[in-house]
Protein chains: 2
Amino acid sequence: MITIKEVARHAGVSMSTVSYVLSGKRSISGETRRRVEQSIAALGYHPNAGARALASSKSQVLGLVVPLRSGVNMPVIMQFVASIVSAARDYDYDVLLLTKEAGPGEAHRVTARSMADAIILMDVESDDLRIPELRTVEAPVVLLGMPDDHEGLSCVDLDFATAGRQMAGHLADRGHRSIALIGSPPAVYERGTSYAARLLEGFRSEAAKRDVRASVHPCAPGYDAVAKCLDQALAPEHGTTGLVVHNEAVLGPLLLELRRRSLDVPADLSVITLCPDDVAESLPVPLTSIAVPAQELGTIAVEMVMARLTEEHAPEVRLLQPRLTDRGSTSRR
Amino acid sequence: MITIKEVARHAGVSMSTVSYVLSGKRSISGETRRRVEQSIAALGYHPNAGARALASSKSQVLGLVVPLRSGVNMPVIMQFVASIVSAARDYDYDVLLLTKEAGPGEAHRVTARSMADAIILMDVESDDLRIPELRTVEAPVVLLGMPDDHEGLSCVDLDFATAGRQMAGHLADRGHRSIALIGSPPAVYERGTSYAARLLEGFRSEAAKRDVRASVHPCAPGYDAVAKCLDQALAPEHGTTGLVVHNEAVLGPLLLELRRRSLDVPADLSVITLCPDDVAESLPVPLTSIAVPAQELGTIAVEMVMARLTEEHAPEVRLLQPRLTDRGSTSRR
DNA sequence: TATCGAAATCGAAACGCTTCAACGAGCCCG
DNA sequence: CGGGCTCGTTGAAGCGTTTCGATTTCGATA
């Protein structure tokens, strides 16, 4: 193993000079810098991470707590992960993978051992039992998602309330007088999942404000459940002409079922949804949608971490404004 | 930060004794052990990872190279990742997340800096250009997938040739005289992806051996492509009565298209596939299938890493025997 | 020309742990 | 009873960095 000492000797300078060339924390003459850099390249020197961490008490590692249980939407999770890893690398940080199943104890373990300088926690739920434990972690913590009680924690999330309002408003704008929300599975609402509740609230309040009739239909995955859910949402007494879908998993089956019923989108029924753009685009009928800006959220999470790591930055909450893309799946009434 | 020195003082022993209690590398009297453990608990001591790595030149970290580009099947990737993380934790290792896009340079970087003791690389392709570079990594490398040239590298993979043979054989056993392989997208074959080629070869050779007519149809994703592909596979001149599907992404559309054509599975057409069990189960028609044993492969990969890390274990190749689950989607002719 | 300050470099003390050589104590064997 | 074990424990030497003064150099200012 090539050490900084050997580089120093090769370049004819002291260890500290090499270190300062690497870190840029003190000024170094151009001439010296060049010699050192040449020696580094010539010898193939790589600074030892352990030694560095020990001396500087910084690991240059982020702990990322990911839900690996199936059930959550893996492709989206991966988009988050990818953007976080890539943003972290831009700041010269690496990412240690922690599983949510293993609990927040993991976050504590890696920070207490100085394996990670900060923690990013994905897919946070409203009532997450583990949130309190996170407060005991002696390192910045940033949550993707916004629990009810986020006092003292940084959070980033999509503004689901506004998203709900936008989608209801979009249909109201086009003259729809009765709309339905096809929601997440019942269990999601029952456990009070924050984002679902916030979207629902926005949807309802905007509908009320615009004097539009609104019904809500939680929907389990699976072809049969979708059909049953549609039976309710499209029951004649509602006179529903527009659907807001907040349940990515049922989009495909739902559109197929509509086709089976000879209901054309958007001629007979308008549909708008909240899902990743690539999903909305690749459906049999491309849907007007609000995107889940996974990329952006991940990047922001990393930026918030860095802010808290470098400055004396207090915890903050950031809600991303939703962006609606019209793909023509809604029509004017 | 609580250090080992403080624990030692608290327990009235030397630092080295505490260290040996922790590592178990020397015998310690029960009495002393108990006192030290109490002190550790009382003070809330957590060994500093950097110091440990520096002194022992072991990081207790595995670098995991994951393909994060979309296109690959994320849920399956996640199954691998989950099983790898969990197996690694069983050995007291953590997992550093590296992206495949960033290249094998990342593997080199983290090992050269002693951030990771070994590398696991997922989703390896036959002709992977980066394989040669991996040989220069000064740490054990284990591949999930088997490139053509794997000299000097450890690999784990499903035995796709046998899988192809099994599926063809399964249909032949049931009296089918003409079968078709609905394969991966053309691009996958064109770039000579190892697993696809191996399955194809097994499929063909078994069909030949059993004197069964076999046609092969690479299939792009998307409803239209699937329909077109079925047109070919089920063209009257073939007389195809059984389908082997090796393309997870098209299973849903394919079954729907068959239904649309009023072809019952298995009455009119037998279908067998290779995909994760949960996918096979949750399709509109549950399919007889060979599982992608992600869990198992991940665990084995970790075990191989550990073997190479602890013993003087030479690189090895392990092919998992496929396991076929009959879900009644094939019928006797 | 003497003095001062900034720029460039150096030396050495941490950082917290592992591990090796060494040592005393107790034991068994001859 | 002396010599050679093993067992449990210790002290101290690293491991490869960073970083904090201290020191040197040099040009500018007085």
Side-chain angles (χ1 to χ4, degrees), chain A residues 1-37 39-40 43-61 92 94 109-117 138, chain B residues 1-37 39-40 43-61 92 109-117 138 310:
Chain A
M1 179 184 220
I2 305 290
T3 71
I4 201 174
K5 187 180 270 175
E6 307 178 50
V7 174
R9 181 144 34 88
H10 187 277
V13 298
S14 71
M15 284 167 51
S16 36
T17 301
V18 177
S19 178
Y20 287 124
V21 166
L22 250 22
S23 70
K25 292 191 178 173
R26 287 205 183 169
S27 50
I28 295 287
S29 70
E31 166 55 12
T32 304
R33 170 184 310 283
R34 213 163 307 119
R35 278 220 317 287
V36 170
E37 278 163 354
S39 299
I40 288 176
L43 300 179
Y45 167 69
H46 292 263
N48 180 296
R52 204 169 240 200
L54 179 56
S56 66
S57 44
K58 282 170 192 170
S59 63
Q60 298 283 108
V61 168
D92 244 301
D94 275 282
R109 177 177 64 86
V110 297
T111 51
R113 299 186 164 211
S114 302
M115 298 183 75
D117 298 332
E138 290 288 353
Chain B
M1 178 184 220
I2 306 290
T3 71
I4 200 174
K5 188 180 271 175
E6 308 177 49
V7 174
R9 182 144 34 87
H10 187 276
V13 297
S14 69
M15 283 167 52
S16 33
T17 301
V18 177
S19 178
Y20 287 126
V21 166
L22 251 23
S23 69
K25 292 192 177 173
R26 290 217 182 161
S27 49
I28 296 286
S29 70
E31 166 56 12
T32 304
R33 170 186 311 283
R34 214 165 304 119
R35 277 219 318 287
V36 169
E37 278 163 356
S39 300
I40 288 177
L43 300 179
Y45 167 69
H46 291 265
N48 179 296
R52 203 169 242 202
L54 180 55
S56 67
S57 44
K58 282 171 192 170
S59 62
Q60 298 283 110
V61 168
D92 244 300
R109 178 177 64 88
V110 299
T111 49
R113 298 185 165 213
S114 303
M115 301 183 73
D117 298 332
E138 288 289 353
T310 53

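Bear in mind the structure is a predicted one, so any value in this text is a computation, not a measurement. Every chain is numbered from 1 and lettered A, B, ... according to where its sequence line falls, protein lines coming before strand lines.
Of the charged side-chain nitrogens involved, at least one lies within less than 4.0 Å of a carboxylate oxygen, so that A:D94 and B:R109 count as a salt-bridged pair.
Distance, B:I4 CD1 to D:dG14 C1': 15 Å, rounded to whole Å. The CE atom of B:M115 sits 17 Å away from the P atom of D:dG16 (whole-angstrom rounding). Rounded to whole angstrom, the span from the OH atom of A:Y45 across to the C1' atom of D:dT17 amounts to 7 Å. Put simply, CZ on A:R34 is 13 Å from P on C:dA8, counting in whole angstrom units. Rounded to a whole Å, the NE2 atom of A:H46 is 16 Å from the C1' atom of D:dT17. Distance A:I28 CD1 to D:dT19 P: 14 Å, rounded to the nearest Å. Going from atom CZ of B:R33 over to atom P of D:dC7 covers 14 Å, rounded to whole Å. Per the geometry, CG belonging to A:L22 stands 9 Å off P belonging to D:dT17, to the nearest Å.
The side chain of B:S56 contributes no N or O atom lying less than 4.0 Å from OP1 or OP2 of C:dT18. At D:dG8, one or more side-chain N or O atoms of B:S27 fall inside 4.0 Å of OP1 or OP2 (strictly under the cut-off). Regarding contacts with the backbone of C:dC10, a side-chain N or O of A:T17 is found under 4.0 angstrom from either OP1 or OP2. The side chain of A:T3 contributes no N or O atom lying less than 4.0 Å from OP1 or OP2 of D:dG16. Contact annotation: A:K25 reaches the phosphate of D:dT19 (side-chain N/O to OP1 or OP2, under 4.0 Å).
Side chain of B:D117 to main chain of B:S59: a donor-acceptor pair is present (N/O by atom type, distance under 3.5 Å, no hydrogens or angles). Looking only at distances, a side-chain donor or acceptor of B:S56 sits under 3.5 Å from a matching main-chain atom of B:R52.
As judged by a 4.0 angstrom heavy-atom cut-off over every strand, A:S19 is placed among the base-contacting residues. Using a 4.0 Å heavy-atom criterion, one finds that A:S23 contacts no nucleic acid atom at all. Nucleic acid contact class of A:S29 (heavy atoms, under 4.0 Å, all strands): sugar-phosphate only. Among the atoms of the strands shown, only primed sugar atoms or phosphate atoms (P, OP1, OP2) are found under 4.0 Å from some heavy atom of B:T32. At the heavy-atom level, B:S16 lies under 4.0 Å from base atoms of the strands shown. Using a 4.0 Å heavy-atom distance criterion, A:M15 is classed as a base contact.
Sequence order on DNA chain D of the closest nucleotides to A:N48 and B:G30 puts B:G30 first from the 5' end.
Pairs passing the salt bridge (charged side-chain N to carboxylate O under 4.0 Å, His left out) check and including a residue from residues 21-34 of chain B, sequence neighbours excluded, read B:E31-B:R34, B:E31-B:R35.
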(request) Tell me, with the steps shown, if B:T32 and B:Y20 meet side chain to side chain contact (heavy atoms under 4.5 Å, CB included). (result) CA-CA 11 Å; B:T32 304; B:Y20 287 126; over 6 Å; no
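Listed nucleotides D:dT10, C:dG16, D:dT18 differ in distance to A:L54; the shortest reach to its side chain belongs to C:dG16. When distances run from any side-chain atom of A:A51 to the nucleotides C:dT18, D:dT17, D:dC20, the shortest one goes to D:dT17. For B:R52, counting side-chain heavy atoms from C-beta on, the closest listed nucleotide (C:dT18, C:dC10, D:dT9) is C:dT18. For A:A55, counting side-chain heavy atoms from C-beta on, the closest listed nucleotide (C:dT9, C:dG16, D:dG16) is D:dG16.
Taking CE of A:M1 as the start and OG of B:S114 as the end, the distance is 3.5 Å to the nearest 0.5 Å.
Applying the 3.5 Å distance criterion, the base of C:dC20 shares a donor-acceptor pair with the side chain of B:Y20. For A:R26 and D:dT19, a side-chain-to-base donor-acceptor distance below 3.5 Å is absent, hydrogens and geometry of angles not being considered.
Of all heavy-atom pairs between A:L43 and A:I2, the closest is O-CG1, 3.5 Å. The nearest pair of heavy atoms linking B:A53 to A:G50 is CB-CA, 4.4 Å. Here the closest heavy-atom approach between residue A:Y45 and residue A:I4 is recorded as CE1-N, 3.5 Å.
In the helix from C:dT1-D:dA30 to C:dG30-D:dC1, the rotation axis of the first five pairs and that of the last five pairs differ in direction by 50°, rounded to 10 degrees.
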